[in-house]
2 protein chains.
Amino acid sequence: MTSVQGARARARIEITAAIKDEARTQLAAEGAARLSLRAVARELGMVSSALYRYFPSRDDLLTALIVDAYDAVGAAAERADGAAGPDDPIGRWTAVCRAVRDWAVAHPHEYALIYGSPVPGYTAPQDTVGPASRVGLVLIAIARDALAADGIALPPLSPELRPEAERLAADVAPDLPPALAVTLVAAWSQLFGLVSFEVFGQFNRIVEDRDTFFTSAATRLAHEVGLLPRTKRPARTRTQPRTGRA
Amino acid sequence: MTSVQGARARARIEITAAIKDEARTQLAAEGAARLSLRAVARELGMVSSALYRYFPSRDDLLTALIVDAYDAVGAAAERADGAAGPDDPIGRWTAVCRAVRDWAVAHPHEYALIYGSPVPGYTAPQDTVGPASRVGLVLIAIARDALAADGIALPPLSPELRPEAERLAADVAPDLPPALAVTLVAAWSQLFGLVSFEVFGQFNRIVEDRDTFFTSAATRLAHEVGLLPRTKRPARTRTQPRTGRA
DNA sequence: GTCTATAACGAGATAGAC
DNA sequence: GTCTATCTCGTTATAGAC
């Protein structure tokens, strides 16, 4: 009986994956706003009502695609961080930035789904906030490790910004100095500004050698955050980025 | 006969404006991907075929909306720059950044149209590139004036980036040092990273006091570009941002 | 229990005849 | 410009296959 259950479960997983794959194809062709359950079903040789066994509504399918996309960039960022030398904060930082950009360039439509215009009529459920925070948590972990190993120069903090910095730090990274936490959030959004401009075509006829341009800008972001070229004494343990999911 | 022609021309302008207004309303409700000529016509009490007298296709209507949006942010940026003290590069820079952000927050759907995900199936014609460059040209003008008045410290330029920096500078700002030109382009995209994250909801539950946060980040961007708090001798003439349109 | 298929709803888009 | 016949869509109810 386990084999029957196993077979069913396997079939379910496969069909779910096929649905999402086909939906991703449609995403590329039509955009998220025009994602159609019926078209997905038609393309898979199913009838539209059958899809409801797998996704209770169109918005749930969208949510699954969004979560998958956030998880994919997040995993790419974590992998790049893990592959970089632990004692080299700037190396880790730029590796993560490049991983995010490479993923975005390779998956422009999924990138647009999560970092582009919001889908009209769709409101993201709570399920997306965990995956959405993975890239940010990697950046925070890099800063945390650098801090523990004297590999960071704290960025300046203006008095006007101090209250918000403290509030924000308490929320997203209670173990980091407020000045570092706000700067990280700003750098995080600026990183995606670079990526979005490239993916969305704003650099057309302006930036040619995008690779070099991006790497240079990412490195400058690392300096902006205060990361130093090399830690004086290596951090003993590398901080695992917390998943952010309950 | 001029009066008849004048009346006709006036009516045409009014109807064109009404069509665009209604289209903007639909943009907010349905998104650019679902902009429908028929729905616009219906709402205006016209028949869909009548719209083709004003816009030869859906894409042309979209283009008009895009050009209007770029012109609106561009004008806001130019106005803010003009209102700032000419001898204060950082003041001008942050004023322009704030103007862009304020416009974006006030017009999130038009902002999404020009700086969000590309509309599937739509390719921007040449008409959009002039208006699209207005904000960038304002930032360039600020840097140019600061340079002329000794109000800027040239940002560093890594050897790897030099070729691309020279290419890029020749294209977008031939009178600026390559190091400054690339840094400006990076800062330009990072500015829109900050704005997009706020408008698209990525700062939800993360940044609370968005005003202070943004102003602080914009000021740091100004420093990043090399702008100095005050020019030693005031620039005699303020550079007009070139319109970029032929 | 788990799935798929049929049929239908209300709403909207689309094409073409008039 | 109007009308109509025919599409699409998301979603549900129901019935039957495994």
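- Contact annotation for A:F55: no contact, since no heavy-atom pair falls under 4.0 Å across all strands.
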Between N or O atoms, less than 3.5 Å apart, protein on one side and nucleotides 6-10 of chain D on the other: list the pairs.
| unit_1 | atom_1 | unit_2 | atom_2 | d |
| --- | --- | --- | --- | --- |
| D:dC9 | OP1 | A:S36 | OG | 3.0 |
| D:dC9 | OP1 | A:R42 | NH2 | 3.2 |
| D:dC9 | OP2 | A:R42 | NH2 | 2.5 |
| D:dG10 | OP1 | A:L35 | O | 3.2 |
| D:dG10 | OP1 | A:L37 | N | 2.8 |
| D:dG10 | OP2 | A:S36 | OG | 3.4 |
| D:dG10 | OP2 | A:L37 | N | 3.0 |
| D:dG10 | OP2 | A:R38 | N | 2.9 |
| D:dG10 | N7 | A:R38 | NH1 | 2.4 |
| D:dG10 | O6 | A:R38 | NH1 | 2.7 |

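- Contact annotation for B:A50: backbone-only contact, meaning every heavy-atom pair under 4.0 Å involves sugar-phosphate atoms and none involves a base.
- The closest side-chain heavy-atom distance from B:F55 to B:T16 is below 4.5 Å.
- Residue A:L61 is out of contact with every strand shown, counting any heavy-atom pair closer than 4.0 Å.
- Here the P atom of nucleotide C:dA11 and the CD atom of B:E30 are 15 Å apart, to the nearest Å.
- Salt bridge absent: A:D145 and A:R238 never bring a charged side-chain N and a carboxylate O closer than 4.0 Å.
- For D:dT11, the base has no donor-acceptor partner in the side chain of A:S49 [N/O atoms by modelled type, under 3.5 angstrom].
- To the nearest angstrom, P of C:dT4 lies 13 Å from CD of A:E14.
- Nearest heavy atoms, B:W188 versus A:I206: CH2-CD1, 4.0 Å.
- Ring centers of B:Y70 and B:Y115: under 6.0 Å apart, within the cut-off.
- D:dT11 atom P lies 10 Å from atom CG of A:L62, rounded to whole Å.
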Checklist entry - Can you give the dot-bracket line for DNA chain C, where a pair is Watson-Crick or G-U wobble with both atom distances under 3.5 Å, crossing pairs use [ ], and | marks a partner on another strand? => result |||||||||.||||||||

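- Atom-to-atom, CZ of A:R12 to P of C:dT2 comes out at 9 Å; the value is rounded to the nearest Å.
- Checking A:T63 against A:Y122 by side-chain atom types alone, a donor-acceptor pair falls below 3.5 Å.
- Residues A:L61 and A:K20 come closest through the heavy atom pair CD1-CG, 4.4 Å.
- No side-chain heavy atom of B:R205 sits less than 4.5 Å from a side-chain heavy atom of A:D171.
- Salt-bridge check for A:D209 with B:R167: failed, with every basic side-chain N at 4.0 Å or more from each acidic carboxylate O.
- In this structure, A:R53 places its CZ atom 13 Å from C1' of D:dA17, rounding to the nearest Å.
- In this structure, a donor-acceptor pair under 3.5 Å is absent between the side chains of A:S57 and A:Y52.
- When rounded to the nearest whole Å, the span between CG of A:L51 and P of C:dT2 equals 18 Å.
- In this structure, the CE atom of B:M46 is 11 Å from the P atom of D:dT2, given to the nearest Å.
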